[in-house]
J.: 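Please find one structure pasted underneath; my questions will follow.
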Number of protein chains: 2
Amino acid sequence: MNTSNTTVEYLKQEKFLVAVDCIIFGFDSENIKLLLFKRRVEPLKGALSLIGSFIKNDLNLNDSAKMVLEESTGLKNIFLKELRTYSDITRDPGNRVISVAHYALIRINELDIENVEEHDAHWYDFNDIPDLIIDHKQMVDDAINRLRDEARREPICFNLLPKEFTIPQLQAIYECFYQKKLDSRNFRKKIVSFDILNKTTRKDKTSSKKGAFLYVFNKRKFKTFIAKGNRFQL
Amino acid sequence: MNTSNTTVEYLKQEKFLVAVDCIIFGFDSENIKLLLFKRRVEPLKGALSLIGSFIKNDLNLNDSAKMVLEESTGLKNIFLKELRTYSDITRDPGNRVISVAHYALIRINELDIENVEEHDAHWYDFNDIPDLIIDHKQMVDDAINRLRDEARREPICFNLLPKEFTIPQLQAIYECFYQKKLDSRNFRKKIVSFDILNKTTRKDKTSSKKGAFLYVFNKRKFKTFIAKGNRFQL
DNA sequence: GCAAAAGTGTTATCGCTACACCCATGT
DNA sequence: ACATGGGTGTAGCGATAACACTTTTGC
């Protein structure tokens, strides 16, 4: 095995600018939202865009995206996944840039407001996204489709809710994704049958006089659920 | 909008080597196979690896992967999708290289044998993959998981079979993925009920005296199927 | 006491699973 | 004539979908 720092073969190759862009999703009890920014550098300064950054030599792509998220939202430990690359030669008018889009789910209530305002960031309803620079609109569309699909099969929506949440809150997210009302009896029956939530004794009273019991997602129970050969499917 | 060639901001940024690697799947009527290559350049020359290449300035990632596939298999119009990026700083001992893995499904019977032998390529059973260089084994594992998952929900397995194929051939692929025998009556019932195949009047007699009718995947029918709100699920 | 959301059970329907025999043909 | 894989139908079961009323409590 070759252990020198840079192999001769590699020196001949062209190098590229590489960036990460983040599609940040939130949920405000009404709708799925996306966090968009006013771009601060040329080209296209001032236009609406996703938040992103060129990567540096000391971080991999995932960590680069994490850093971007932390800087723009003040949040650590965000749910984050790679979406796909965008590499058309002329996609960026400034120069060729290969961008790796990532999508993130955050809890709006934990957001650092100051940070966000400092970055000229605003939430937009996910089914009413304005035009964005370059191919960012495409990235958003792709991310929404991916998320819609993934939400059906993986327990990821919990990342949009506070650690403790109610069943009706969870249902509301799925109703946004599917764009239709769900039967609350059937929804509750299904999610409870999975046995992946812990019911607390506390109630959330922000949306009704009666209050709804708070639940917590239990990762251990979920693993057991999967180990038994079950499939999360909503 | 800025229309100059390279923006000043961009000039300060670090650039990176970017490569594509291809996980090539085939099916030989018995098992899912993977095409692996003996590496020809340092570092790690002679070791087993996926086929790949540094990208050039004139092609996007998808087209770069297509070119790699064409050069190594002699095939055009291959089913090809991006898997994910691999970007750990130290993943390549030669230098930092960001690799974008792609997976491809090809029809083994159409393969250009000469081309393949020229490239020191050999087929390996997908559940008995030897050690590969760098993180290529990880790429393969990720690709297999992705494919297993995608095959359930998207009609992609047809890309592993000749244009005309039999129902038992198709079933065999799914039996490989699930690693269990399926009931032929139920399998046939399900796939026929989708109404996305055209039955021909011809038969394939390579695996039985009686012969099995040949079918063709019909993209138009599939679109209708989806438009009606159905879901492909096997 | 009333408005508003939370919570609860039952029935009909549909789709999936399990299962066994006849058919066509090459040797 | 026999061995081999191709092709077909049905019945039982489990899961989903449809549906309406009671409970709690802040105002």
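Throughout, a chain's letter reflects where its sequence line sits, starting with A, and its residues are numbered from 1.
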J.: I need the NZ-P distance between B:Lys181 and D:dG5, as an integer number of Å.
T.: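 Spelled out: NZ on B:Lys181 to P on D:dG5 is 10 Å.
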J.: Taking the minimum atom-to-atom distance to the side chain of B:Ala212, which one of C:dG9, D:dG6, D:dA3 wins?
T.: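 Output: D:dG6.
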J.: Go nucleotide by nucleotide along DNA chain D from the 5' end; which of A:Lys203 and A:Arg185 gets its closest nucleotide reached first?
T.: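 This one resolves to A:Arg185.
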J.: Nearest-Å distance, CG (A:Asn186) to C1' (C:dT13)?
T.: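 Checked: the CG to C1' distance equals 13 Å.
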J.: Short question: side chain of B:Glu110, backbone of B:Arg107 - any donor-acceptor pair under 3.5 Å?
T.: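 Flag not set: sc B:Glu110 to bb B:Arg107 has no pair under 3.5 Å.
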J.: How many whole angstroms separate atom CZ of A:Arg231 from atom P of D:dT16?
T.: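 These atoms are roughly 14 Å apart.
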J.: How long is the line joining CG of A:Asp204 and C1' of D:dT24, in whole Å?
T.: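 Between C1' of D:dT24 and CG of A:Asp204: 15 Å.
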J.: Between B:Tyr174 and B:Phe187, what is the ring plane arrangement, given parallel below 30°, perpendicular above 60°, and tilted in between?
T.: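 Tilted, since the angle between the ring planes falls between 30° and 60°.
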J.: Quick check: are there more than 12 heavy atoms from other residues, nucleotides or ligands sitting under 6.0 Å from NZ of A:Lys163?
T.: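 Result for NZ/A:Lys163: open.
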J.: Measure from NZ on A:Lys210 to C1' on D:dT22 and round the result to the nearest Å.
T.: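 A:Lys210 atom NZ is separated from D:dT22 atom C1' by 8 Å.
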J.: Of all the choices, D:dT8, C:dA18, C:dA6, which nucleotide is nearest to the side chain of B:Arg188 once you look at every atom?
T.: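 Per side-chain heavy atoms of B:Arg188, the pick is D:dT8.
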J.: Rounded to whole angstrom units, what separation is found between the CZ atom of A:Phe187 and the P atom of D:dA15?
T.: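 So the CZ-P distance, A:Phe187 to D:dA15, works out to 19 Å.
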J.: Just the rounded figure in Å: distance from C1' of C:dG15 to CG of B:Leu234.
T.: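 Rounding to the nearest Å, CG of B:Leu234 and C1' of C:dG15 are 14 Å apart.
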J.: If I take atom NZ in residue B:Lys190 and atom C1' in nucleotide D:dT8, what distance separates them, rounded to the nearest angstrom?
T.: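 So the two atoms are 18 Å apart, to the nearest Å.
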J.: Heavy atoms under 4.0 Å, any strand shown: does A:Lys189 hit a base, just sugar-phosphate, or nothing?
T.: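 Base, at least one base heavy atom under 4.0 Å.
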J.: Parallel under 30°, tilted from 30 to 60°, perpendicular over 60°: which one fits the rings of B:Phe225 and B:Phe194?
T.: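 Judged by the thresholds at 30° and 60°, the geometry between B:Phe225 and B:Phe194 is tilted.
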J.: Okay, side chain of A:Gln169, backbone of A:Ser29: is any donor-acceptor separation there less than 3.5 Å?
T.: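 Side chain of A:Gln169 to backbone of A:Ser29: no pair is present.
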J.: Which of the following nucleotides, C:dA6, D:dG5, C:dG26, is nearest to the side chain of A:Pro168?
T.: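 Given the options C:dA6, D:dG5, C:dG26, the side chain of A:Pro168 is closest to C:dA6.
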J.: Assign each of B:Ser208 and A:Asp183 to its nearest nucleotide of DNA chain C by heavy atoms, then name whichever residue's nucleotide is nearer the 5' end.
T.: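 Its nucleotide being nearer the 5' end, the pick is A:Asp183.
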